[in-house]
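Everything below concerns the one structure shown next.
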2 protein chains.
Amino acid sequence: MLKETPTPECLDFTKACPSRLLFDQIGDKWSMMVLTVLDSGPMRFNAIKRRLEGVTQKALTQCLRRLERNGLVQRRVIPVSPVAVEYSITPLGRSLQIPFKALYDWMLVHLDEVESARNEFDHRLQG
Amino acid sequence: MLKETPTPECLDFTKACPSRLLFDQIGDKWSMMVLTVLDSGPMRFNAIKRRLEGVTQKALTQCLRRLERNGLVQRRVIPVSPVAVEYSITPLGRSLQIPFKALYDWMLVHLDEVESARNEFDHRLQG
DNA sequence: CCGTATCCGATCCGATACTG
DNA sequence: CAGTATCGGATCGGATACGG
């Protein structure tokens, strides 16, 4: 399975860039909000669902599975009837909140700039 | 256009969460790598394309347009023949690199943990 | 309550062809 | 060189129905 060797100035961002391995998993619509919700404490499935207005059961299930698979969330089945399932954030997931909050804060600070850039761009297309 | 009022404990993350307005725009496959590449200096279209192995012309064009629209990248047409187009990172785009690098560094530090969590999860499904 | 299974339309994405 | 236009397959995402 020989691979072509990229030239030195042609870094293979596709496969080598570690950020891909993260962004692919948590850059989706709900992951970060789920982690934020769980950061306040363990919560059951439908409780999370109620906090994320607009999420469907399917989407939330897939999201929680992926977070669990990546070690960011823990799933615990409580054997009562009907069954209860409690989700909680792991230490790994909690540590991710730090860099994510930096991104979140950047957005709060620069949202106005971004929006005016969008308006200007969209206006140039019309004018 | 009256909206239903969410209960206090039911925050409307869908529409109110500012992180969505950012993640939707730069959480895609190539945006962050484009910004990283441009962080080293202005570059022409095909030069960027060569640095990002695997990107198609269509994907790169769309990505650069979106970054330009959000004020993170500037596009400059140089009127020679055949036409040359130079892309450069804006101060706004450069400032985004700071929180992004925090996320990138988190990944470098915790990649092993994430991967072993994945292996364990995938193995539980089989076993 | 907490899912899984299925269907189906919308959307993405790459490949290809063409243009100034 | 730097795009635009178009097409078809793959994938996403919601709605619905059903099961432990």
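Numbered from 1 within each chain, the chains take letters A, B, ... in sequence-line order.
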Exercise for the section: Let me know which of B:R75, B:R44, B:R76 forms a salt bridge (charged side-chain N to carboxylate O under 4.0 Å, His left out) with B:E86. Expected result: B:R76
Handout entry: Whole-Å distance separating the CZ atom of B:R50 from the P atom of D:dC1
Key = 7 Å
Practice task
Can you label the angle between the B:F23 ring and the A:F23 ring as parallel, tilted or perpendicular, going by 30° and 60°?
Solution key: parallel
Completion exercise
Checking C:dA15, D:dG14, D:dT4 against the side chain of A:K58 (C-beta onward), the nearest is D:dG14
Practice task
Return no unless some side-chain N or O of B:R44 is found under 4.0 Å from OP1 or OP2 of D:dC1.
Solution key: no
Handout entry: Given DNA chain C, 5'-ward residue of the pair B:A59 and A:V85, judged by closest heavy atom
Key = A:V85
Exercise for the section: Would you mind listing every salt bridge (Lys or Arg N to Asp or Glu O under 4.0 Å) that reaches into residues 55-64 of chain A, with sequence neighbours excluded? Expected result: none
Problem - Atom-to-atom span, CG of A:L60 to P of C:dT4 - whole angstrom - result: 11 Å
Fill in the blank from the handout: Which of C:dC2, D:dC1, C:dA15 is nearest the side chain of A:N46? It is C:dC2
Fill in the blank from the handout: note: B:E86, atom CD; D:dG3, atom C1'; distance rounded to Å ~ 17 Å
Practice task
For B:D24 and D:dC12, give me the distance from atom CG to atom C1', rounded to whole Å.
Solution key: 14 Å
Exercise for the section: Tell me what B:Q57 touches on the nucleic acid: a base, only sugar-phosphate, or nothing, going by heavy atoms under 4.0 Å. Expected result: base
Exercise for the section: Would you indicate, yes or no, if C:dG3 has its OP1 or OP2 atom less than 4.0 angstrom from a side-chain nitrogen or oxygen of A:Y87? Expected result: yes
Handout entry: Side-chain N or O of A:R75 closer than 4.0 Å to phosphate OP1/OP2 of C:dG3
Key = yes
Handout entry: Partners meeting salt bridge (charged side-chain N to carboxylate O under 4.0 Å, His left out) with A:E115 (sequence neighbours left out)
Key = none
Fill in the blank from the handout: When rounded to whole Å, the CZ to C1' distance for the pair A:F45 and D:dG20 reads 15 Å
Exercise for the section: Could you state the atom-to-atom distance from CD of B:Q62 to C1' of C:dC12 in whole Å? Expected result: 9 Å
Exercise for the section: Please tell me which of B:V83 and A:D28 maps to the more 5' nucleotide of DNA chain D, matching each residue to the nucleotide holding its nearest heavy atom. Expected result: B:V83
Handout entry: Residue pair B:Y87 / B:L38: nearest heavy atoms and the distance that separates them
Key = O-CD2, 3.6 Å
Exercise for the section: Let me know the distance between CD of A:E68 and C1' of C:dC2, rounded to the nearest Å. Expected result: 14 Å
Practice task
Could you tell me whether the phosphate oxygens of D:dG3, OP1 or OP2, come under 4.0 Å of any side-chain nitrogen or oxygen in B:R65?
Solution key: yes
Problem - Side chain of B:P82 (C-beta onward), nearest among D:dG3, C:dG3, D:dC1 - result: D:dC1
Problem - Whole-Å distance separating the CD1 atom of B:I78 from the P atom of C:dG20 - result: 22 Å
Completion exercise
Which of C:dG3, D:dC1, D:dG3 is nearest the side chain of B:T61? It is D:dG3
